[in-house]
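Scroll down for the structure; my scribbles are underneath it.
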Amino acid sequence: MTVRKLQEKRGWAFDIAVPILKPALLAATRREWIGGENIPASGGFIIALNHISHVDPLTAAHLVYDHGYLPRYLAKSGLFDNPALGFFLRGAGQIPVKRETKDAVGAYAAGVEAVRSGQCVVIYPEATITRDPGMWPMKGKSGAARIALETGCPVIPVGQWGAHEILAPYTKRPHVVPRRRVVMRVGPPVRLDDLRAKEPTIAVVNEATDRIMTAITHELELVRGETAPAERYDMAVHGDRFKRNKKAAS
């Protein structure tokens, strides 16, 4: 289901990836893209979405590609440590993020540059797969908000569901038979204009981040037909319930 033609040249990395990954995703998933008209037809913007599986960057990329853009992710720097994978990711225009270090500023600058050059930057504001027991979005990090406040670009919230049935969090065995239903619900741009008129203090950035997470959660509530918990899960307070699984998988 291609909604729009691709608006830019793919480059060698996407020329390799698309013929391999797109048929695999078509075979493994039953896709439902909702609200795609909210994705801008031109100009740079941010896609901000919840994170439920290591496979959902691929399904999110499928959504973005079907709407005419090549996705540029703010991705964990560890993925770039492998020479071959790092070479490919850089060739695809992906942006490494060294979280909790001064080098994260470089990723912010790269994200700002990508948006200003008219690209789609995909950000998981949670920065990791959700630890919420009900798989609802957690408390968000500030990267998407700071890029949006700096550039004035639209932030498009997406609530997505179903990728965790292909590959559950921190497991290694995918389940592709029968085909899994993957839903991506795209909401209208998050309202941030009033905040852009203010000095980007910590309070303003936190308010922007909260609005982004609220918008993502709302779209996911519509997808799931359920109501999210009133209090958003915070790993700094509630801990990491997948810690044992991550150690076992390493």
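Residue numbers run from 1 in the order of the sequence given.
Scored by the salt bridge (Lys or Arg N to Asp or Glu O under 4.0 Å) test, Arg179 finds no partners at all (sequence neighbours excluded). By the salt bridge (Lys or Arg N to Asp or Glu O under 4.0 Å) test, Arg224 pairs with Glu226, sequence neighbours left out. Residues satisfying the salt bridge (Lys or Arg N to Asp or Glu O under 4.0 Å) test with Asp194, not counting sequence neighbours, are Arg191, Arg211. Judged as a side-chain contact (heavy atoms from CB on, under 4.5 Å), and not counting sequence neighbours, the contacts of Ala28 are Val176. Among residues two or more places apart in sequence or in another chain, the side-chain hydrogen bond (donor to acceptor under 3.5 Å, both in side chains) test is passed with Ser142 by Arg146. Applying the side-chain contact (heavy atoms from CB on, under 4.5 Å) criterion to Asn206, with sequence neighbours excluded, gives Ile202. Every residue meeting the side-chain contact (heavy atoms from CB on, under 4.5 Å) condition with Gln7, not counting sequence neighbours, appears here in chain and number order: Tyr69. Scored by the side-chain hydrogen bond (donor to acceptor under 3.5 Å, both in side chains) test, Arg180 finds no partners at all (sequence neighbours excluded). Here Asp210 pairs with Arg232 under the side-chain hydrogen bond (donor to acceptor under 3.5 Å, both in side chains) rule; sequence neighbours left out.
Applying the side-chain hydrogen bond (donor to acceptor under 3.5 Å, both in side chains) test between Arg185 and each of Glu221, Glu32, Glu219 identifies Glu219 as the sole match.
Residues Asp66 and Lys22 are paired through a salt bridge, judged by an N-O separation under 4.0 Å between the basic side chain and the carboxylate.
Between His62 and Arg31, the shortest heavy-atom contact is CE1-CD, 3.1 Å. The minimum heavy-atom distance between Gln94 and Pro71, with the atom names listed, is NE2-O, 3.0 Å.
Applying the salt bridge (charged side-chain N to carboxylate O under 4.0 Å, His left out) test to every pair with at least one member in residues 110-122, sequence neighbours left out, gives these pairs: Arg116-Glu150. Within the structure, ring pair (Phe, Tyr, Trp, His ring centres under 6.0 Å) pairs that include any residue of residues 174-224 do not occur (at least two apart or interchain). Sequence neighbours left out, the pairs with a member in residues 111-157 that pass ring pair (Phe, Tyr, Trp, His ring centres under 6.0 Å) are His51-Tyr124.
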